[in-house]
Amino acid sequence: MSVQQASKSKIAVSPLELEIAKEPPLNTFKPKEPYTATIVSVERLVGPKAPGETCHIVIDHGGNVPYWEGQSYGVIPPGENPKKPGSPHNVRLYSIASSRYGDSFDGKTTSLCVRRAVYYNPETGKEDPLKSGVCSNFLCNCKPGDKVQITGPSGKIMLLPEGNPKANHIMIATGTGVAPFRSYLRRMFMEDVTFKFKGLAWLFLGVANKDSLLYDDEFTKYLEDYPDQFRYDLALSREQKNKSGGKMYVQDKIEEYSDEIFKLLDDGAHIYFCGLRGMMPGIQETLKRVAEQRGENWDEKLSQLKKNKQWHVEVY
């Protein structure tokens with residue numbers, strides 16, 4: 001690390017016992033016996049010109065539902081499951097957007113990044129509240145002090161591998177898929193923890209426009225403080241054009257930096273994808289085309305990345 005980087009003071013966290021566990025906690029609370037947590041705050045993350053609303057939701061779990069970066073919580077919204085009268089709603093999974101210490105650095109809270117799911121009638125153009133996302137609207141409408149039923153934590157695919165602090169990490173997100181990457185970056189660059197990150201973290205974020213950016217102030221600060229260790233590239237589909245004159249998506253940014261990305265992968269970098277399921281076909285097509293242009297067989301390369309545990313995907 002450079003002198004400049006080494007001089008950056010990081011935030012003290014506690015309890016440090018959260019650093020000791022060798023294995024991640026899994027399914028501490030199950031759907032039949034969820035944990036009752038408390039809403040701390042609900043904050044709108046996006047500007048007025050963003051399509052839709054995305055909220056940052058902080059939940060107090062009292063330190064009773066610990067988790068690791070890259071895991072998810074389940075949320076059971078209140079009410080009755082319309083498909084199973086008399087039964088509660090099904091669990092909805094949300095990627096955790098904070099490190100294991102939470103936004104208050106005391107290990108007692110977690111944060112979720114939730115986009116309010118709404119449905120517009122194609123004929124009238126008006127919102128139909130009867131078809132709105134049950135859980136996302138419940139969470140975005142919560143007030144401090146409200147209770148929420150949570151399960152988990154779950155997931156091992158997106159865990160941040162900390163065995164090699166010098167490893168490089170390429171993170172590709174669309175929208176709220178940035179949640180686990182926020183948790184990684186807080187651990188890498190914000191908190192004073194046992195994990196002393198010495199590699200490169202490269203975040204690609206795809207959203208509609210500047211008003212749709214999520215956690216941009218945090219990411220920009222890392223860029224200022226750790227210019228040799230953090231890269232941050234945006235794909236704003238409604239404001240930028242790709243080389244063909246079409247909308248700019250994350251796969252276009254991947255193609256733009258493909259030589260560097262492939263070199264990093266060849267050197268052992270981890271690559272992560274998180275966001276809507278529809279993001280992956282375009283990304284896969286781009287990677288395959290780039291590989292062929294380089295004289296490589298993408299299917300073989302992908303198989304090797306998976307075998308080496310460098311390939312991490314969580315889509316919904």
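In what follows, residues are counted from 1 in the order of the sequence shown.
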Item checked: Sidechain-backbone polar pair: N242 side chain, K247 backbone, donor-acceptor under 3.5 Å -> yes
Margin query: Using the rule ring pair (Phe, Tyr, Trp, His ring centres under 6.0 Å), only one of W68, Y67, Y94 pairs with Y73; which is it?
Written below: Y67
Next item on the list: Please answer whether the main-chain N or O of G86 pairs with a side-chain N or O of E80 as donor and acceptor at a distance below 3.5 Å.
Entry: yes
Note to self: Any carboxylate oxygen within less than 4.0 angstrom of a Lys/Arg side-chain nitrogen, looking at E218 and R186?
What the structure shows: yes
Notebook entry, point to check: Do you know the tightest heavy-atom contact between Q240 and L234?
Noted result: OE1-O, 3.3 Å
Note to self: Using 0.5 Å steps for rounding, measure from the CG atom of L305 to the NZ atom of K307.
What the structure shows: 12.0 Å
Note to self: How long is the straight-line distance from CD1 of I96 back to OG of S72, given to the nearest 0.5 Å?
What the structure shows: 6.5 Å
Check: Sub-3.5 Å donor-acceptor pair from the side chain of S183 to the main-chain atoms of E69, do we have one?
Finding: no
Check: With D217, which residues qualify under salt bridge (charged side-chain N to carboxylate O under 4.0 Å, His left out), at least two apart?
Finding: none
Checklist line | Heavy atoms of other groups near L26 CG, more than 12 under 6.0 Å | finding: yes
Margin query: Taking K301 first and then D266, would you say they form a salt bridge - that is, a charged N and a carboxylate O separated by under 4.0 Å?
Written below: yes
Check: Are the charged groups of D211 and R238 less than 4.0 angstrom apart, N to O?
Finding: no
Margin query: I'd like to know whether T174 forms a side chain to side chain contact (heavy atoms under 4.5 Å, CB included) with V207, so could you lay out the CA-CA distance, the side-chain angles of the two residues, the decisive distance to 0.1 Å, and finally the verdict.
Written below: CA-CA 6 Å; T174 57; V207 293; over 6 Å; no
Next item on the list: Go through the steps for I170 and H270 under the test side chain to side chain contact (heavy atoms under 4.5 Å, CB included), then give the verdict.
Entry: CA-CA 6 Å; I170 303 164; H270 291 266; over 6 Å; no
Check: If Ile, Leu, Val, Met, Phe, Trp and Tyr residues are connected whenever their side-chain heavy atoms lie under 4.5 Å apart, and connections chain through other members, are L265 and M280 in the same group?
Finding: yes
Check: Between atom CD1 of I150 and atom OG1 of T110, what is the distance when rounded to the nearest 0.5 Å?
Finding: 7.5 Å
Next item on the list: Tell me, with the steps shown, if F219 and V178 meet side chain to side chain contact (heavy atoms under 4.5 Å, CB included).
Entry: CA-CA 11 Å; F219 302 151; V178 77; 3.8 Å; yes
Item checked: Rounded distance (nearest 0.5 Å) linking atom CG of L159 with atom NZ of K309 -> 11.0 Å
Notebook entry, point to check: Taking the six-membered ring for Trp, are Y222 and F189 parallel (under 30°), tilted (30 to 60°) or perpendicular (over 60°)?
Noted result: tilted
Margin query: Please check: side-chain N/O of K143 versus main-chain N/O of N141, any donor-acceptor pairing under 3.5 Å?
Written below: yes
Notebook entry, point to check: Applying the 4.5 Å side-chain criterion to the ILVMFWY set and letting contacts propagate, would L276 and V46 be lumped into a single cluster?
Noted result: no
Item checked: CD1-CG distance between I59 and D103, expressed to the nearest 0.5 angstrom -> 11.0 Å
Item checked: Pairwise side-chain contact, Y232 with D216, heavy-atom cut-off 4.5 Å (strictly under) -> yes
Item checked: E19: partners by salt bridge (charged side-chain N to carboxylate O under 4.0 Å, His left out), with sequence neighbours left out -> R187
Margin query: For residues I261 and L205: do they belong to one hydrophobic cluster (side chain heavy atoms under 4.5 Å, members Ile, Leu, Val, Met, Phe, Trp, Tyr)?
Written below: no
Notebook entry, point to check: Is the closest side-chain heavy-atom distance between S95 and C113 below 4.5 Å?
Noted result: no
Margin query: Can you tell me how the ring of W202 sits relative to the ring of Y257, calling it parallel under 30°, perpendicular over 60° and tilted otherwise?
Written below: perpendicular
Check: Could you walk me through whether D146 and V148 pass the side chain to side chain contact (heavy atoms under 4.5 Å, CB included) check?
Finding: CA-CA 7 Å; D146 287 352; V148 56; over 6 Å; no
Notebook entry, point to check: Is there a side-chain contact between E23 and K156 (heavy atoms, below 4.5 Å)?
Noted result: yes
Next item on the list: List the steps and the verdict of side chain to side chain donor-acceptor pair (under 3.5 Å) for Y316 and T176.
Entry: CA-CA 11 Å; Y316 40 83; T176 58; 2.9 Å; yes
Item checked: Pairwise side-chain contact, D192 with V13, heavy-atom cut-off 4.5 Å (strictly under) -> no
Next item on the list: First locate atom OG1 of T109, then atom CD1 of I39, and finally report the distance between them rounded to the nearest 0.5 Å.
Entry: 11.0 Å
Next item on the list: Output yes when R294 and D259 qualify as a salt bridge under the 4.0 Å nitrogen-oxygen rule, no when they do not.
Entry: yes
Item checked: Flag side-chain contact, heavy atom, 4.5 Å: L214 against R182 -> no
Next item on the list: Would you please name every residue forming a salt bridge (charged side-chain N to carboxylate O under 4.0 Å, His left out) with K210, sequence neighbours left out?
Entry: none
Margin query: According to salt bridge (charged side-chain N to carboxylate O under 4.0 Å, His left out), who are the partners of E260, at least two apart in sequence or on a separate chain?
Written below: R231
Item checked: S136 side chain to A117 backbone, donor-acceptor under 3.5 Å -> yes
Check: Does a donor on one side chain sit under 3.5 Å from an acceptor on the other, for S154 and Q71?
Finding: no
Note to self: Tell me if the CD atom of E33 is crowded by more than 12 foreign heavy atoms within 6.0 Å.
What the structure shows: no
Checklist line | Side-chain (K32) to main-chain (F29) donor-acceptor, under 3.5 angstrom | finding: no
Note to self: For a quick test of reading the model, state the closest non-hydrogen atom pair linking A173 to V250 and the distance between them.
What the structure shows: O-CG1, 3.6 Å
Check: Side chains of R116 and T54: closer than 4.5 Å at any heavy-atom pair?
Finding: no
Notebook entry, point to check: For Y101, does its backbone N or O pair with a side-chain atom of S99 as donor and acceptor, under 3.5 Å?
Noted result: yes
Check: Between G74 and V91, what is the shortest heavy-atom contact and its length?
Finding: CA-CG1, 3.5 Å
Checklist line | Within-4.5 Å side-chain heavy-atom neighbours: L112 and V75 | finding: yes
Next item on the list: Kindly write out the residues that satisfy ring-ring contact (aromatic ring centres under 6.0 Å, His included) with Y272, not counting sequence neighbours, or none if the list is empty.
Entry: H169, Y184, H312
Notebook entry, point to check: Do you know the tightest heavy-atom contact between N168 and L264?
Noted result: ND2-CD2, 3.6 Å
Check: How would you list, by chain and number, every residue that makes a ring-ring contact (aromatic ring centres under 6.0 Å, His included) with Y215, sequence neighbours excluded?
Finding: H56
Margin query: Given 3.5 Å as the limit, does a donor-acceptor pair link the side chain of S258 with the main chain of E255, or not?
Written below: yes
Note to self: Quick check: closest heavy atoms across G199 and Q229, and the distance to 0.1 Å?
What the structure shows: O-NE2, 3.1 Å
Margin query: When you group the ILVMFWY residues by side-chain heavy-atom contacts below 4.5 Å and let the links chain together, are F138 and L93 in the same group?
Written below: no
Notebook entry, point to check: So which heavy atom on F197 is nearest to which on A167, and how close?
Noted result: CE1-O, 3.4 Å
Next item on the list: For residues Y249 and T286, determine if any side-chain heavy atom of one lies less than 4.5 Å from a side-chain heavy atom of the other.
Entry: no
Margin query: Do F181 and Y226 sit in one hydrophobic cluster, given that two such residues count as connected whenever their side-chain heavy atoms are within less than 4.5 Å of each other, even indirectly?
Written below: yes
Notebook entry, point to check: Does a salt bridge link K253 with E256, judged by any charged N lying under 4.0 Å from a carboxylate O?
Noted result: yes
Note to self: Donor-acceptor pair, distance only, cut-off 3.5 Å: does the side chain of N209 make one with the backbone of K49?
What the structure shows: yes
